Amino acid sequence: MSNVNFLYLSIWEISQELQKGSVTSQKLVSQCFEMIKTYNKSLGAFLNLDKEGAQAAAKASDNRIASGKTLGPLDGVPVGLKDMILTKDMQSTAASKILEGFIPPYEATVSLNLKKNGAVILGKLNQDEFAMGSSNEMSAYAPCRNPWDLQRSPGGSSGGSAVAVAAPLCFGALGTDTGGSIRQPAAFCGVVGIKPTYGRVSRFGVIAYASSLDQVGPLTKDVQSAALMLQAIAGHDERDSTSVDREVPDYASTLQEDITGFKVGIPKEYFAHGLDKSVEQASQNAIDALKKRGAIIEKISLPHTKYAVPTYYIVSSAEASSNLSRYDGIRFGPRKGKSEGLEALYCQTRGELFGTEVKRRIMLGTYVLSAGYYDTYYLRAQKIRRLFASDFAKVFEKVDMILAPTSPTSAFKIGEKVDDPLKMYLNDVFTISANLAGLPGISLNTGFCENGMPIGTQIIGKPFCEAQILNAAYHVEQELPFNKWPKLRK
Amino acid sequence: MPFSLSEIKKLASLAKISLSTSEMESLQGDLKKIVSYVEMLSEVDVTGVEPMEHAISTELFMRDDEVKPVLGRKGLENCAGNKDGLIQTPKIIE
C-alpha cells in the first residue's frame, strides 16, 4: 500500500495493518504530520501539535505490538483532541485568547482513556471559542475550512475535529457536543459523529460550556471506528459527579446484528414544509436503507420542537455565564488592566480576551439569570426542558429510535451567517433536542448536494442505547457506501 | 423587549466585562433580537411542570473522607501573578 492510502483506512482497518506489521505507528504518525504540514495552513484543523509526544507514544506502541502485547484496536492509531479537552503539559485554550499559554497541570479522563488504549495523540484541534458556535468562525486563533470546499464552513463547534478526520489528517478525533457540535460538523464534513447519552462519558478535564448539556464523543470515518473510540472513552469516572455508573456494552460486537423489526420514528416537525430538498432526500436515503434492512418506519410527533432553539439558548447561556466566570485573570491566563485595581483587572481581562460570541452569550446568560427575569426566562426554560424529555419518553414507548436530518442545510459559506447570531443559532434546530433530553445521537453521511457537499442524517436513541443506534447506523452505512474523499488544496 | 444602553452597562457590570461603546451598541441590537425570539416560550403551558436541571437523574455519589493528593502549588504554574507560590492581585483594602 502506498503511503497516502493508509490514511484513508478506518481505525479497524489500520489496526489490522498495524497488527500484521504492514505499517508501524511511527510511520503513520510521520505521514499524518506530513499531511498536516502540507494542508493544515489551508484547513486550519490543528491549533497545536505534540510531535515529540506523538513519536514517543508511537514508538511505545510499535514495541508493544511487536512483542504481542497490544492494548487493543486503538493501539498505535493517531488521533486528535478538541482543544476544550485538557492535555497535561500541552497547551489547551478552548480556542480562546483568555487561555492563551495555558498549560494544564492535569489531563482529561477521556484523553487518559485513549492513551490507556494506546491511541497516539497528535495534537489539539480547532473549534469555536468555548464551543460557542456552529461554524468554527468563532475561533480566536485561526480560521477552519471545510475540506470539500475551502470557501465553506466545516460546521462547529468541533470543526477542527471533523476536518481532521475528513481530510484526512488522522484516523479519529474527539469533539464535544452541547447543542449539536459533534453531529453538525460531522454532517458538514461527511464523517460519522456520535454524541453519547449525558453521563456516559466523563467530563473531568473538559472545559465546561454548559454543564448539564456537554458531552464528549468521537468523530471518525465510519461507524465501526466510532464504536471503537466510544468504547475507549465511555464509563464511570469518580472525578465527574455527573458520570453514570453503568456497564459499558461491547459496542463493536453488536454492530452487525439484524435490525429486522426495529421501529424507527420520523418526527413530522423535522420534515416540515420548506426543508431543503437535498437534505430531505438524504434523510429518505437513510429511511430506505433502514427499510431494506428490515426496520419498520413510523410517523411520530415531537410537538415542542419549535421551542428547542430558544430553550437551549436560555439554558446554555445561563450555564455558560456561570461557568465562564472563572476566567478572571487571577489564577490562570493572561491579565489586563492590572494596575487599575481588581475590578478593572476582571473587566478588562474578560473584555479584551473573550471573543464577540462568548461575550454575547455571557450577557444573555447574565440577563436570564438576573433578578426579575430568572422566573420568566431561566426557570421557564427548565420547565420546558422537562416537556422535551416527556415528548421523547412518550415517543420511545412506540419506537426504538428516531431518524431526522442533522442540519437544515449542508455546509454554508464562511461569512454567510456570522453577522446574524440568530440565523447562526437556527442551524442547531435539529440537534438541540437530543441534548436537552440527554439522549444519544449519531450522524452519518447519507447523501450529497448538487454542489458536492455532504449531507448528514442522525439517529437519536433511548438513554444509554448507543449500541442500538450504532447498530442501525452501521446498516445504513452498509447500504449507502460513499467512497468519496475531498480533493485537498494547499 | 427594549434594551437601553444603561441596561447593557448594568449587565456588563454584573458579568464583569468591559465593553466599548460600539460593542455595547452592537450587543443592544443583538440581545433585543434574541430576547424577542425567546419570548415565544411564553406560549407554552408549564402549569404543574417541574423544572429539569439534569437530563438524566443521577444520585450524587459520596466518597470516604480521606485526604487525597491535590494539585497544590502546581496549580499556580499558569498564574500571571504567581509570586513565591502565592497569587498576587491588585490591592483591595486600603
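As the structure is a prediction and not an experimental result, all values here were calculated from the model. All values below were derived from every heavy atom in this structure, side-chain atoms included, with hydrogens, water molecules and symmetry-related copies excluded.
Neither the backbone nor the side chain of A:D419 comes within less than 4.5 Å of any heavy atom in chain B. Contacts of A:L342 with chain B are made by both backbone and side-chain atoms, with heavy-atom separations under 4.5 Å. Looking at A:L353, neither its backbone nor its side chain comes within 4.5 Å of chain B, counting heavy atoms on both sides. Looking at A:I103, the atoms closer than 4.5 Å to chain B (heavy atoms on both sides) sit in the backbone and in the side chain alike.
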Output side-chain donor-acceptor pairs under 3.5 Å for residues 354-364 of chain A, partner residues at least two apart or in another chain, one line each.
| from | atom 1 | to | atom 2 | distance (Å) |
| --- | --- | --- | --- | --- |
| A:E357 | OE1 | A:R360 | NH1 | 2.3 |
| A:E357 | OE2 | A:R361 | NE | 2.7 |
| A:E357 | OE2 | A:R361 | NH2 | 3.4 |
| A:E357 | OE2 | A:Y425 | OH | 2.6 |
| A:K359 | NZ | A:G351 | O | 2.7 |
| A:K359 | NZ | B:E23 | OE2 | 2.6 |
| A:R360 | NE | B:D30 | OD2 | 2.9 |
| A:R360 | NH2 | B:D30 | OD2 | 3.1 |
| A:R361 | NH1 | A:Y209 | OH | 2.6 |

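Your options are A:F464, A:Y313, A:Y198, and the one with the most heavy-atom pairs under 4.5 Å with chain B is A:Y198. Put simply, of A:L213, A:T376, A:L439, A:V309, the one with the most heavy-atom pairs under 4.5 Å next to chain B is A:V309. Taking A:K306, A:Q348, A:Q382 one by one and counting their heavy-atom pairs under 4.5 Å with chain B, the maximum is reached by A:Q382. Among B:K33, B:E43, B:E77, B:K10, the residue making the largest number of heavy-atom pairs under 4.5 Å with chain A is B:E43. Highest contact tally toward chain A, considering only B:L41, B:V38, B:V49, B:I87, is held by B:L41 [criterion: heavy-atom pairs under 4.5 Å]. With chain A as the partner, the residue from B:D45, B:L27, B:I17 showing the most heavy-atom pairs under 4.5 Å is B:I17. Contact count versus chain A (heavy atoms, under 4.5 Å) is highest, among B:S42, B:S13, B:G75, for B:S42. Per-residue heavy-atom pair counts under 4.5 Å with chain B were compared for A:P105, A:G101, A:S212, and the maximum is reached by A:P105. Chain A forms more heavy-atom pairs under 4.5 Å with one residue of B:E53, B:K74, B:R63, B:Q88 than with any other, namely B:E53. Counting heavy-atom pairs closer than 4.5 Å to chain B, the top-ranked of the candidates A:G199, A:G341, A:G365, A:S390 is A:G341. Counting heavy-atom pairs under 4.5 Å between each of B:G29, B:G81, B:P51 and chain A puts B:P51 at the top.
For A:E343, the side chain to side chain donor-acceptor pair (under 3.5 Å) criterion is met by B:K16, not counting sequence neighbours. Residues passing the side chain to side chain donor-acceptor pair (under 3.5 Å) test with A:R239, sequence neighbours excluded: A:T109.
Of the N and O atoms on the side chains of A:D214 and A:T176, not one donor lies less than 3.5 Å from an acceptor on the other residue.
Here the straight-line distance linking atom CG of A:L345 with atom NZ of A:K336 works out to 11.0 Å at 0.5 Å rounding. Expressed to the nearest 0.5 Å, how far CD of B:Q28 lies from CG of B:L5 amounts to 4.0 Å.
When side chains are defined from C-beta on, A:R203 does not count as touching A:D237, because their heavy atoms never get closer than 4.5 Å. Side-chain contact between A:I384 and A:I314: absent, with no pair of heavy atoms (C-beta onward) separated by less than 4.5 Å. For the pair B:L11 and B:E7, the minimum side-chain heavy-atom distance is 4.5 Å or more.
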Practice prompt. Would you sort out whether A:F388 and A:Y307 count as a ring-ring contact (aromatic ring centres under 6.0 Å, His included), showing the intermediate values?
Written response: CA-CA 9 Å; A:F388 276 101; A:Y307 303 112; 7.8 Å; no

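In this structure, B:S26 contributes its side chain and B:S22 its backbone to no donor-acceptor pair below 3.5 Å. No donor-acceptor distance shorter than 3.5 angstrom exists from the side chain of A:E129 to the backbone of A:S96, with no hydrogens or angles considered. Side-chain atoms of A:R380 do not come within 3.5 Å of backbone N or O of B:V46 as any donor-acceptor pair.
Applying a 4.5 Å heavy-atom cutoff, the residues of residues 317-335 of chain A that approach chain B are A:I330, A:R331, A:F332, A:G333, A:R335.
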